[in-house]
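In what follows, every chain begins at residue 1, and chains take the letters A, B, ... in the order their sequences are listed. Since we're looking at a predicted model, the values are computed, not measured.
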Amino acid sequence: MEILPFIMFAAVFLLLLLGYPVALTLGGVSVIFGVLTFGFDFFALLPLRIWGTMTNYVLLAVPLFVFMGVMLEKSGIAEKLLETMGMLFGRFRGGLAIAVVIVGTLLAASTGIVGATVVTMGLMSLPAMLKRGYDPELATGTIAASGTLGQIIPPSIVLVLLGSILNVSVGDMFVGAMVPGLLLVFLYLLYITLLGAIRPGLMPAIPVAEIRAFKGGTPWRTVIEAFVIPFTLVIAVLGSIFAGIASPTEAAAIGAFGALLLTFFQRKLSFDVLKSVMQETTWLTSMVFIILAGASAFSLVFRGMHGDRYLSEMIVQANFQPELFLAIVMIGVFIAGFFIDFIEIIFIVVPVVAPIFTAFGVDLLWVGVLLAMNLQASFLTPPFGFSLFYLKGVTPKEVTTGHIYRGIIPFIIIQLFMLVLIILFPELVTWLPDLLSGR
Amino acid sequence: MRFLRAYIRAIDVLTERTGHAVSWLALLLVLVVVYDVFTRYVLSLSSVAVQELEWHIFSLLFLLSAAYTLKHNKHVRVDVLYVRLTEKQRAIVNIVGGVLFLLPFTCIVVFASWSFVSNSFFILESSPDPGGLPYRFLLKAAIPLGFVLFMIQGVAEVFRSILVIADKTDKTGGE
Amino acid sequence: MKDNSRRDFLKRSLQAGAASLALSAPFFNTGCSKPASESADAPAVHTGKKFRWKMLTTWSPTFPVLQDGSKLFAQWVREMSEGRLDIQVYGGGELVPALEAFDAVSQGTAEVGHGASYYWAGKAPAAQFFAAVPFGMNPQQMNAWLIGGDGLELWEEVYAPFNLYPFPGGNTGIQMCGWFNKEINSVDDLKGLKMRIPGLGGKVISKAGGSAILSAGGEIYTNLERGVIDATEWIGPYHDYMMGFYKVARYYYYPGWQEPGTNFEFFINKGAFSKLPSDLQHIVRNAAARVHHWILCEFESKNNIYLQKLVNEEKVDLRPLPSEVLEQLRTFSKEVIDEIVGSDPQSKKVYDAYSSFRNQITPWANISEKIYYTQNL
Ligand code: NA
Ligand code: NA
């Protein structure tokens, strides 16, 4: 009996490789296991869970950001923006990838909804990177990692949930995650730059002739048209949040509406464009949420089988020294992140381990940020990283899941390195909150 | 075979039409949220009904388009092996997946939501917030409705794959 | 408005249909002052049979005080029954989302829930009067109505169509009005005020010229910090401290007119309850009563400690709402309640009972509790 939930894990793991849609494989396998274990009545809970997703107001950000991304892509604004950014970097290798990380960081500061940012980033930047001859693995890895930054860079749902479960104030969580989040961005940039120096073939620089042509023409006009205008959009999104005009969720609508206006003013808005933007937004939104529905069926059955209890028991049984306990928890969460949605992990593991950390006298803020960093990686770990699925939803045919899986590995390693840094230097987390509030 | 083809054609048309209609919700959603922000910030007005309308639109958008998304093959796959399969092998995967995963999953959502939705209709459930939208029971009905559409399109996809294996590929539907 | 009345009629007849269906169960009794759940027939034999229940709560899995109370309920039942009734507790979002607990228990997929009845106002508007009414009864009076008066009986009537027994399950005590970044000196200051405040209180704020904003729990802090909202209410000093609102709001106003003591509930599936032998039924009732008591005590003692922390350590600017403002809000509250009561007969029945009990008990409260506090005894 104890082993059943883990057999279900293994089954999903193998069956996903068949290549049938992820959402339906997750849902179907769970239903088969669930019916055999509990019968049909148990599934009365499933529509309640789907309803919960429908009423989850924060998830509005997904269709809104996707709308913005698709609109910017279809209108050619995104491509022009990234092309120009690349030109501005000139002969500097990896300019586009660096631009992607920066845009990802800005988006992360406006929302914490990973599905939204990964899809938006993928739509806007992948075609441009591939066209410039970027290695598909590097391109997808950069996009998936940058699009997932929203978890650790506030505002973020992970931080809110962790704060509420650890009984640490949400404000402290946000401030505490700031330095580690920005440091992570810095490490991404450093990695791309170094990789460009070592293996230039992965990210070809823009040909000299093109740059000359660019600079020889009317570079400032191009820059203003291609770069400054869309950039005001990003500022509008962020600005509306920081100025208190819109909540993070609503800011996504400001961005989508802004993209619509921009396209209109660039005289690129036709009925056909609008129609295809709406269609693609619809597909991508449904793709994201039907995955959530499938995952919800999975975790319902997993929980029903008490898989969560066995998981947390495994962690608690490592009842040793604080250091060892921390290590076991981190490894446990990291491995769980291969399979389970982050919200589920937070609910399963954190309530169990929080009192133990408290008993050790460990700063829960620090534990919280550590967990957030760890969970951030869980979005990216193959084969069940949600960011990877979402990105796959917008990649052209020639980019396979294999590319995405391989491309993300260096970024996961960077996150693990960051995790070790935070463990060794807790001040990375506590310094800023202490400074600001005399905590 | 003729039945399969007729079924596929009929369902494809249904799915395509609902999909097109539903996709307008994406635009509507953007406009409603912008309207909400505008009235609150500029006019200092806000309405619980409008705020609820936002997530009502959003849930209709993703539920009622699941079938449309399936028809256009936009539900993500892990294609590590899939890309290496022949067309007929892929058809086999889709038949097996359709029968073993899609049908049980969609059927169970449809049947399990019966009492959830009918109870809501029975009491004409409305928003618990005064000033909220009164037709919550209708929104709940979107769950079985969306999954019924999803299921019948799923059957159409299985049929399509059967035709592929029988080497009588139907050229009318799909992408 | 014609449409409205037709809809109401349809709704009434449907409700009546639902009620008569559910009430054909054998335990419905009339003219008895004991609540129906007290006389649920069950074999009195003490069998060794073991029962396993699932309990769904509307609180997050570690929500202080409330989820603690849910867990204590399960623990006390287990201890008293020597393990014969084993209740597994699931917080909001664990098996189903928080606000789906009611449907799940009503359908019998889970056996017991722990929540607050105003969450179900969309299903039965009358339900909200068993949780909190703006300017309504305080915890002491509410308990007197529910347990000493006819409150619980009416509550059972409201929940009968849903196949549920309600039991009082805790109380927050009198809450705080909330956190503000705008000073409230007069009624005019409420105009244009953007406040996160759900339910009846929100409707009252709208009437006063403000806007009631719905914010997801996780976004309240950010929205308050950045000025998307000017104010938010939450619970009392303890939970408010945990949310960190003191870092992003200037003023902390009292009293919590919108929720002068929110009463919580256990709701138990009738079928599941009647399957229990009578001794286990008594155990469930007693554990619920003990939790009901425990939660209020816990709130009062924690709020005391954290109010001091907020005032002494965080130097929070604690302010009373001016009495002129309170009077105005009271008037609007009455209008809001009248509207609900006017459109739903069951709400009218419940609220009539509620307010008549309150009117009757006021003279006693005036010469007991009220005088005790105002004279600084
Ligand atoms: Na973020
Ligand atoms: Na409150």
Practice item. Output the option from A:Gly294, A:Ser286, A:Ala293 having the highest count of non-hydrogen pairs under 4.5 Å with chain B. Key: A:Ser286
Review point. Checking A:Phe67 against chain B: side chain, backbone, both or neither under 4.5 Å from a heavy atom?
Key: side chain
Check your understanding: Are a donor atom and an acceptor atom from the side chains of B:Ser65 and A:Thr282 found within less than 3.5 Å of each other?
Key -> no
**Study point:** Max heavy-atom pair count under 4.5 Å with chain A, selected residue of B:Trp55, B:Phe101, B:Tyr82, B:Phe38
**Key:** B:Phe101
Point to revise | Per-residue contact mode, B:Tyr68 against chain A (heavy atom under 4.5 angstrom) | key: both
**Study point:** Per-residue contact mode, A:Ile32 against chain B (heavy atom under 4.5 angstrom)
**Key:** side chain
Point to revise | Residue selection (most heavy-atom pairs with chain A, distance under 4.5 Å) from B:Leu70, B:Leu85, B:Val96, B:Leu29 | key: B:Leu29
Revision key, fill the gap. In terms of heavy-atom pairs under 4.5 Å with chain A, the winner among B:Trp24, B:Phe111, B:Trp114 is B:Trp24
Practice item. Examine whether an atom of B:Ile143 lies under 4.5 Å from a heavy atom of chain A, and if so say whether it belongs to the side chain, the backbone or both; otherwise answer neither. Key: side chain
Point to revise | Stepwise side chain to side chain donor-acceptor pair (under 3.5 Å) test for B:Tyr7 and B:Asp12 | key: CA-CA 8 Å; B:Tyr7 179 89; B:Asp12 276 357; over 6 Å; no
Study note, to complete from the structure: So, the part of A:Leu274 with a heavy atom under 4.5 Å from chain B: the answer is side chain
Point to revise | chain B contact via A:Thr285 - side chain, backbone, both or neither, heavy atoms under 4.5 Å | key: both
Check your understanding: Relative to chain B, which of A:Leu45, A:Leu60, A:Val29, A:Val394 shows the most heavy atom pairs under 4.5 Å?
Key -> A:Leu60
Exercise for review: Go through the steps for A:Ser299 and A:Arg49 under the test side-chain contact (heavy atoms from CB on, under 4.5 Å), then give the verdict.
Suggested key: CA-CA 10 Å; A:Ser299 51; A:Arg49 287 174 77 101; 2.9 Å; yes
Review point. Can you say whether B:Gln51 sits under 4.5 Å from chain A via the side chain, the backbone, both, or neither, judging by heavy atoms?
Key: backbone
Practice item. Could you check if a side-chain atom of A:Pro63 sits within less than 4.5 angstrom of a side-chain atom of B:Leu61, using non-hydrogen atoms only? Key: yes
Review point. Yes or no on side-chain contact (heavy atoms from CB on, under 4.5 Å) for B:Phe3 and B:Phe159, after CA distance, side-chain angles and deciding distance?
Key: CA-CA 10 Å; B:Phe3 167 73; B:Phe159 287 175; 4.0 Å; yes
Check your understanding: In terms of side-chain heavy atoms, does B:Asp36 have a donor or acceptor partner in B:Tyr41 at a distance below 3.5 Å?
Key -> no
Review point. Among B:Val22, B:Leu100, B:Asn94, who wins on heavy-atom pairs under 4.5 Å with chain A?
Key: B:Asn94
Exercise for review: Go through the steps for A:Phe389 and A:Met287 under the test side-chain contact (heavy atoms from CB on, under 4.5 Å), then give the verdict.
Suggested key: CA-CA 9 Å; A:Phe389 293 149; A:Met287 180 270 283; 5.8 Å; no
**Study point:** Basic-acidic side-chain contact under 4.0 Å: B:Arg160, B:Glu157
**Key:** yes
Study note, to complete from the structure: Of A:Ile245, A:Leu260, A:Ile291, A:Thr400, the largest count of non-hydrogen pairs under 4.5 angstrom with chain B goes to A:Ile245
**Study point:** Pairwise side-chain contact, B:Thr106 with B:Val109, heavy-atom cut-off 4.5 Å (strictly under)
**Key:** no
Practice item. State, with a plain yes or no, whether a side-chain heavy atom of B:Leu139 is found less than 4.5 Å away from one of A:Trp51. Key: yes
Review point. Which region of B:Arg40, side chain (C-beta onward) or backbone (N, CA, C, O), has a non-hydrogen atom less than 4.5 Å from a non-hydrogen atom of chain A, or is it both or neither?
Key: side chain
Review point. Hey, does A:Leu126 have a side-chain heavy atom less than 4.5 Å from the side chain of A:Pro396?
Key: yes
Point to revise | Check: A:Lys74 and A:Lys268 side chains under 4.5 Å, non-hydrogen atoms | key: no
Review point. Does any heavy atom of chain B fall under 4.5 Å from the side chain of A:Ala297, the backbone, both, or neither of them?
Key: side chain
Practice item. Quick one: do A:Thr263 and A:Val277 satisfy side-chain contact (heavy atoms from CB on, under 4.5 Å)? Show the steps, please. Key: CA-CA 12 Å; A:Thr263 312; A:Val277 168; over 6 Å; no
Check your understanding: Side chain, backbone, both or neither: which part of A:Tyr405 has a non-hydrogen atom closer than 4.5 Å to chain B?
Key -> side chain
Review point. Is A:Arg406 paired with A:Glu137 through a side-chain N to carboxylate O contact shorter than 4.0 Å?
Key: yes
Practice item. Specify which of A:Thr281, A:Leu388, A:Leu64 makes the most heavy-atom pairs with chain B at under 4.5 Å. Key: A:Leu64
**Study point:** Reference residue B:Asn73; test side chain to side chain donor-acceptor pair (under 3.5 Å); the match among B:Lys71, B:Arg77, B:His75
**Key:** B:Arg77
Study note, to complete from the structure: Looking only at A:Met68, A:Lys392, A:Glu280, A:Lys275, most heavy-atom pairs under 4.5 Å shared with chain B are made by A:Lys392
**Study point:** Interchain contact, A:Val35 with chain B, by part (heavy-atom threshold 4.5 Å)
**Key:** side chain
**Study point:** Engaged part of A:Leu284 at the chain B interface, taking heavy atoms whose separation is under 4.5 Å
**Key:** neither
Study note, to complete from the structure: Applying a strict 4.5 Å limit to non-hydrogen atoms, the region of A:Leu15 in contact with chain B is side chain
Revision key, fill the gap. Given A:Phe289, A:Phe40, A:Phe43, A:Phe257, the one with more heavy-atom pairs under 4.5 angstrom with chain B than any other is A:Phe289
Check your understanding: Does any heavy atom of chain A fall under 4.5 Å from the side chain of B:His56, the backbone, both, or neither of them?
Key -> neither
Check your understanding: Which bit of B:Leu60 comes within less than 4.5 Å of chain A, counting heavy atoms only: side chain, backbone, both or neither?
Key -> neither
Practice item. Can you tell which part of B:Leu102 gets under 4.5 Å to a heavy atom of chain A, answering side chain, backbone, both or neither? Key: both
Exercise for review: Verify whether one side chain among A:Gln279 and B:Ser23 offers a donor that lies under 3.5 Å from an acceptor in the other.
Suggested key: no
Practice item. Against chain B, label A:Leu46 side chain, backbone, both or neither, depending on which of its atoms sit under 4.5 Å from a heavy atom there. Key: side chain
Review point. With a 4.5 angstrom heavy-atom cut-off, which part of B:Ile57 approaches chain A: side chain, backbone, both or neither?
Key: neither
